[in-house]
Amino acid sequence: MNSGKLLAILGLILATVLVVEWYGYHNHRGESPPSLKSIVSDLNSGDIHKRAAARTELLNLGTNAVPKLLRMYGKPESAKFSGWTHGGPRLSENKIPILVALGELGSNAVPAVPVLLQDMQTLRFYSGDRIAEALAAIGAPALDPVLTVIKTNENWEVRSSCLRVFSRMGSAAEKAVCTITNLLARSDDRLRYELVSTLGAIARQPETVVPILARELAHANENSRSGTAQAIANFGTNAVLALNELHAVAQDQSPRVRVSVASALTAAKDYEYAEQVAEGVVNAKDDWLRQQACRLLAELNLPQPERIELIQRLAAHESPDANKTALKILNQPELAGQTNVATTICIGLLKKADRETQEETIKTLARLNRDSDREDEICQAVFALNNWRVKELFLHEMFNAGFMSFSAIKQGIHDADPKTRYAALETAAALEGRAMPLIQEIAAALDDPDHSVRLAALDAVRRNDTRVGLYSPEGYQVERGLIASAKLAEG
C-alpha cells in the first residue's frame with residue numbers, strides 16, 4: 001500500500017472521529033444537534049445536568065436565538081386596558097419557559113424588551129412577576145424602557161411590576177431612585193410598601209435616601225411604616241441616620257412595624273433598644289412575627305450579663321419560640337463558661353409541656369453534663385419526666401457527645417417505663433467494656449418482667465463482662481447461667 005492511500009485512509013478515520021465528536025458534543029441524547037425548542041424544554045427541566053447543558057447551548061447561540069424565541073413567544077396578549085385591578089388575561093403557560101430562556105440570554109435578549117413590556121402592561125398583575133424577572137435578567141438595557149413605563153403608566157399594578165424589575169436589578173437600578181422618590185411623594189397607599197422596599201434595595205447613597213425614608217416612618221399606612229423600617233435596615237450601620245425616627249415609632253401599635261423597627265435598630269447597633277422592641281413581640285399571635293422577633297433577639301450582640309438576663313426572661317415565657325431562642329443563645333460560644341447558670345435554666349425548661357422544647361433542652365443538657373458538677377441533679381430532672389422518648393434522647397446524646405454518665409444509665413435501668421430501661425441497657429451495651437462499674441445493676445435487669453429488657457440486659461452483660469462469651473468452659477457456663485436467669489425460653 002503506497003503512502004497516498006495510507007494518508008487517505010487516515011484522513012477518513014480522522015474525519016469520522018470528528019463528526020462523531022461533533023454530534024456527541026451537540027446532543028447528549030445521541031440525536032442531531034438540538035433544536036431551540038428542545039433547548040428551552042431542557043432549560044426548564046428538573047434535571048440539573050440537562051439545565052446546565054441547555055444553558056451552554058443557548059449561550060452559544062447568543063443573539064441568534066432571540067428572533068426565534070420571540071416567534072415562539074408569539075404576539076403580546078391583547079386586552080383592553082382600562083385601569084384594571086387584578087384583571088386582564090393570564091400569562092400563557094407556554095410562554096413561561098421562553099421567558100426563562102430570554103432571561104438566561106441576559107443583555108443579548110434586548111430585542112425582546114418591547115414585547116415583554118407590552119405584555120407586562122396588559123397581563124394580570126401576578127403574571128407580570130415572571131416578566132419582571134426576565135427583564136431584570138436582561139439588565140441595564142431594559143432599565144430606561146422600564147423607567148419610561150413607570151413614569152407614563154399610572155396603573156399602580158403596572159408600576160408595581162416595574163418596581164419588582166428594579167428590586168431584582170439591585171444597585172444596578174440606582175438610576176431609578178429619583179423617579180421612585182417622586183412617586184413616593186404623591187403615590188397612593190397601595191404602592192407605598194413596594195416603593196420604600198425598592199428604595200432600600202437599589203439606593204447606594206444612604207445620606208440622601210435614609211432621611212427620606214425616615215420621614216415615611218410617620219405615615220398612617222401600617223404596611224408603609226413596616227416596609228420603610230425594613231428598607232432602612234438594609235442600609236446597615238447607616239440606619240443610625242434615622243435613629244430618632246426609629247425610636248419615635250418603636251412603640252407602634254402594630255407588631256409587624258415593631259419587628260421591622262427592631263431589625264433597623266439592630267442594623268444601627270442600638271442593641272439595647274432593639275432588645276426592648278423585639279422582646280415585646282415575642283408573644284405576638286402571628287407565628288411569623290414571633291419567629292422574626294426571636295431571630296433578632298438571638299442575633300443581638302449584648303454584653304454577657306445582659307445576655308444571661310435575656311435568656312432567663314425568654315425561658316420564663318410561655319411561647320415555645322421564646323424558649324427555643326433562649327436555648328439558641330445559651331449555646332452561643334460566648335457563654336461557654338456559664339455552665340452552672342445554663343444548667344439551672346435548662347432544668348427549668350424541662351418542665352415545659354412542649355415536646356420540641358424538651359428535646360432541644362435535652363441536647364443542651366447532654367452537652368452541659370460533660371462539664372457540670374451537677375450530674376445527679378440533671379439526671380434526676382430528666383428521669384422525672386413522663387416521656388420515655390426524651391429520656392432515650394438524653395442517653396443517646398450523651399453517648400454521641402463522647403461522655404457517658406453512669407448516674408444516667410443507673411436511673412434509666414430503674415425507670416418505671418420499660419422503653420427507658422431498654423434504652424439505658426442498650427446504651428450500656430454500646431460502651432463495650434466500660435460499663436463494668438454498673439455490672440450488678442445490669443445483671444439485675446436479667447430478671448426484668450419485660451422480655452425485650454431482659455434481652456438488652458443479656459447483650460449489655462456479654463459486651464461488658466469479659467468472663468462472658470469466652471470460648472472456654474468457664475465462659476460457657478457463665479453464659480448458660482445468664483440465659484437461664486434471663487428466662488428467654490418460652491414457658
Side-chain angles (χ1 to χ4, degrees), residues 308 311-318 320 322-324 326-331 335-431 434-450 452-453 456-457 460-461 464:
I308 291 173
I311 293 170
Q312 289 170 335
R313 291 197 300 273
L314 291 172
H317 266 283
E318 292 301 318
N323 300 154
K324 281 180 273 190
L327 290 167
K328 186 175 181 180
I329 302 172
L330 201 57
N331 283 299
L335 297 177
Q338 298 295 318
T339 304
N340 192 49
V341 174
T343 300
T344 301
I345 292 171
C346 285
I347 288 174
L349 280 172
L350 275 179
K351 299 172 184 177
K352 299 285 184 178
D354 179 64
R355 177 178 163 183
E356 191 175 346
T357 302
Q358 283 186 336
E359 290 180 355
E360 289 299 318
T361 307
I362 286 296
K363 292 176 183 178
T364 304
L365 276 174
R367 176 183 61 81
L368 292 171
N369 203 12
R370 184 173 47 197
D371 307 314
S372 176
D373 56 359
R374 299 165 64 182
E375 179 184 337
D376 289 339
E377 185 182 355
I378 292 173
C379 292
Q380 285 172 9
V382 171
F383 288 96
L385 299 171
N386 291 323
N387 189 333
W388 70 269
R389 292 184 183 277
V390 172
K391 300 172 193 176
E392 179 187 52
L393 178 66
F394 181 64
L395 290 162
H396 289 173
E397 285 293 326
M398 280 199 301
F399 181 79
N400 293 336
F403 170 79
M404 201 61 247
S405 165
F406 288 155
S407 177
I409 295 177
K410 188 184 294 185
Q411 292 195 49
I413 290 173
H414 295 292
D415 195 85
D417 193 316
K419 294 185 180 69
T420 304
R421 299 198 297 275
Y422 179 87
L425 290 163
E426 186 181 45
T427 306
L431 290 176
R434 289 173 289 162
M436 273 301 290
L438 296 174
I439 200 66
Q440 290 184 351
E441 282 82 0
I442 296 171
L446 291 166
D447 291 319
D448 195 279
D450 187 272
S452 298
V453 174
V461 171
N464 283 281

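Everything numeric here is computed off the predicted structure, so don't read it as measured data.
One distance of note links CG of L395 with CD of E392; it measures 8.0 Å at 0.5 Å rounding. The structure places OG1 of T364 at 12.0 Å from CD of E359, a figure rounded to the nearest 0.5 Å. Rounded to the nearest 0.5 angstrom, E441 CD and Q411 CD are separated by 11.5 Å. Put simply, CD1 on I378 and OG1 on T344 are 9.0 Å apart, with the number rounded to the nearest 0.5 Å. Taking CD from E360 and CG from L349, the interatomic distance works out to 11.0 Å, rounded to the nearest 0.5 Å. We find the CD1-CG distance between I311 and L314 to be 8.0 Å, quoted to the nearest 0.5 Å.
Legend: residues meeting salt bridge (Lys or Arg N to Asp or Glu O under 4.0 Å) with K328, ordered by chain and number and at least two apart, are absent. Remark: S452 pairs with no residue by the side-chain hydrogen bond (donor to acceptor under 3.5 Å, both in side chains) rule, at least two apart or across chains. Partners of R389 by side-chain hydrogen bond (donor to acceptor under 3.5 Å, both in side chains), not counting sequence neighbours: none found. Under the side-chain hydrogen bond (donor to acceptor under 3.5 Å, both in side chains) criterion, E318 pairs with no residue, sequence neighbours left out. Every residue was checked against the side-chain hydrogen bond (donor to acceptor under 3.5 Å, both in side chains) condition with Q380, not counting sequence neighbours, and none meets it.
For the pair H414 and K410, the tightest heavy-atom approach, listed with the atom from each and the gap, is CD2-O, 3.0 Å. Across F383 and A408, no two heavy atoms sit closer than the pair CZ-O, 3.3 Å. Closest non-hydrogen pair, T357 versus N323, comes out as CG2-CB, 3.6 Å. Here the closest heavy-atom approach between residue L330 and residue C346 is recorded as CD2-SG, 3.6 Å. The minimum heavy-atom distance linking A456 with L425 is given by the pair CB-CB, 3.8 Å. Of all non-hydrogen atoms in Y422 and V453, the two that sit nearest each other are N-CG2, 4.1 Å.
A distance-only check finds a donor-acceptor pair linking the side chain of N464 to the backbone of A428 [under 3.5 Å].
Taking the side chain as every heavy atom from C-beta outward, I362 and L350 approach each other to under 4.5 Å. Side-chain contact check for P418 versus W388: every heavy-atom pair is 4.5 Å or farther apart. Two residues are said to be in side-chain contact when any heavy atoms from C-beta on lie closer than 4.5 Å; I409 and L431 meet this criterion.
The salt bridge (charged side-chain N to carboxylate O under 4.0 Å, His left out) contacts involving residues 412-425 comprise K391-D415, R421-D448, where partners must be two or more places apart or lie in separate chains.
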